[in-house]
Structure formats: structure tokens, C-alpha cells
Amino acid sequence: MIKKKVVLNIGNQLENGDYYVNLSGSPLVYTMTGANVRGLVDVDADSFVEKRFSLIYIHTISELEVKLGDTSHLYEMTHKDVEDAANTSIIKESTFVVDGVQVSADSTSFNTFYTYFVKPTASFVLPADTQAEGSPLLTLRYKRTETAYGDLFMEYFPYDDSFYAVRINGVMMYAVDKRDVDNLIQGINEYVPD
């Protein structure tokens with residue numbers, strides 16, 4: 001990847017709301033919509049925060065422990081590199097054990113089930129003084145395959161009628177759409193290994 005610093009000069013505003021712009025060092029002048037210019041200059045800190053906090057690559061997980069109320073589940077995963085049938089490339093081969101039950105090697109149901117875990121996205125960053133109230137509704141403990149990745153501990157708490165609050169490794173971080181978390185909970189309750 002090549003990193004390059006680019007300076008955009010923003011000039012006068014036209015009658016229609018657009019702006020004159022050019023790249024520093026270039027003699028060419030362009031117009032840019034007012035909305036795009038405002039998007040560049042009126043940036044808030046939240047826009048730089050990665051909101052896909054749950055997008056954890058399945059091949060970096062060795063265990064996922066789930067606690068939902070009084071119910072617990074343990075999803076164990078092993079991954080190995082194998083050559084494809086034509087011996088032309090390396091692919092990941094995974095096996096899954098759900099609460100002590102081996103998932104069939106031919107099954108794709110666990111990968112489909114795992115999509116419930118990666119779907120939740122932060123709707124907004126919580127205020128720094130947000131406190132968790134009561135016990136978490138749902139906890140997820142991700143044990144990673146490599147120590148460099150670092151294990152993750154996520155706790156979901158009720159926040160209001162539309163959102164859950166997520167605490168990650170002890171830090172209150174995000175508000176997440178309640179529907180996404182409810183779908184995750186439903187998926188956990190309904191999943192049966194095949």
C-alpha cells in the first residue's frame with residue numbers, strides 16, 4: 001500500500017452552493033458540492049471511530065463462550081491450512097464443536113450461524129460517563145488463536161427502548177440497535193448443530 005499525503009485547497013463558494021477546489025500543486029480547478037465540502041471540514045470525532053466492532057474473523061477464534069441469562073454455550077473451533085484438491089492454493093479448513101457436540105464436516109450451518117455475531121454495528125459512541133446498570137443481558141468471550149489478536153470480552157446491557165449498550169474489555173463503548181442484538185439472541189437460542 002502506498003501512503004500519500006494530499007492537500008485539497010477549497011476556494012470561493014459559487015451561487016449554487018458548490019465550491020472551487022484544487023489539489024495543491026496542480027493548476028487544474030474543479031467544483032465540489034457544498035455537502036461534500038461540509039463533510040470534509042465539519043468532521044466530528046465519532047466519524048473516525050470504527051463502528052464494526054463485532055466483525056471478528058472466524059479463523060482467528062479458538063473458543064467463543066456465550067452467556068445468556070442462566071444459559072451458557074461453548075463454541076470450540078479449530079482451523080488448519082490445507083491444500084485445495086488441485087494443490088494450487090492453501091485454504092482454511094475448520095471444525096466446530098458446539099456444547100460438546102461435533103458439527104458435521106459437511107455442514108455449513110455454523111458459518112451461517114456465526115453471521116449473527118458479526119452483524120451488530122454501533123449506531124453511536126456512548127458518552128464517556130455512561131454506566132452499566134445491573135447484570136449484562138448477554139456476554140461473549142472470544143478466545144483468539146494468536147495472543148497478538150488479544151482476547152475479547154463483550155457485554156450487552158439494556159440502554160433504552162431502541163438500543164443496547166456494549167461494554168468491550170471493561171470499557172463502555174457503543175449503542176447497538178436492539179433489533180440486531182435480539183436477532184443474535186434468537187439465533188443463539190435456536191441454533192442446533194447438525
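In what follows, every heavy atom counts, from backbone to side chain, and hydrogens, waters and symmetry copies are set aside. Values in this document were obtained by computation on a predicted structure and should not be read as measured data.
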Checklist outcome for this item: Heavy-atom closest pair (Tyr159 atom, Ala165 atom, distance to 0.1 Å) is CB-N, 3.6 Å
Checklist entry - Quick one: does Thr60's side chain have a donor or acceptor within less than 3.5 Å of a partner on Ile56's backbone? => result no
Item to check | NZ (Lys143) with more than 12 external heavy atoms under 6.0 Å | outcome: no
Next on the checklist: Looking only at the aromatic ring of each residue, does the gap between the centers of Tyr114 and Phe96 stay below 6.0 angstrom?
Outcome noted: no
Checklist entry - Side-chain donor-acceptor pair under 3.5 Å between Ser109 and Asp194, yes or no? => result yes
Checklist entry - So with a 6.0 Å cut-off around CZ of Phe163, is the heavy-atom count from everything else above 12? => result yes
Item to check | For Met32 against Val37, the heavy-atom pair lying closest together | outcome: SD-CG2, 3.6 Å
Next on the checklist: Is it the case that over 12 heavy atoms from other parts of the model lie below 6.0 angstrom from the OH atom of Tyr20?
Outcome noted: no
Checklist entry - Can you list the steps and then say if Phe113 with Tyr75 is a ring-ring contact (aromatic ring centres under 6.0 Å, His included)? => result CA-CA 11 Å; Phe113 166 62; Tyr75 308 104; 5.4 Å; yes
Checklist outcome for this item: Closest heavy-atom pair, Asp151 versus Asn169, reported as atoms and distance to 0.1 Å, is O-ND2, 3.6 Å
Item to check | Leu68 backbone acceptor or donor facing His73 side chain under 3.5 Å | outcome: no
Next on the checklist: Any heavy-atom pair between the side chains of Val66 and Phe117 that's under 4.5 Å?
Outcome noted: yes
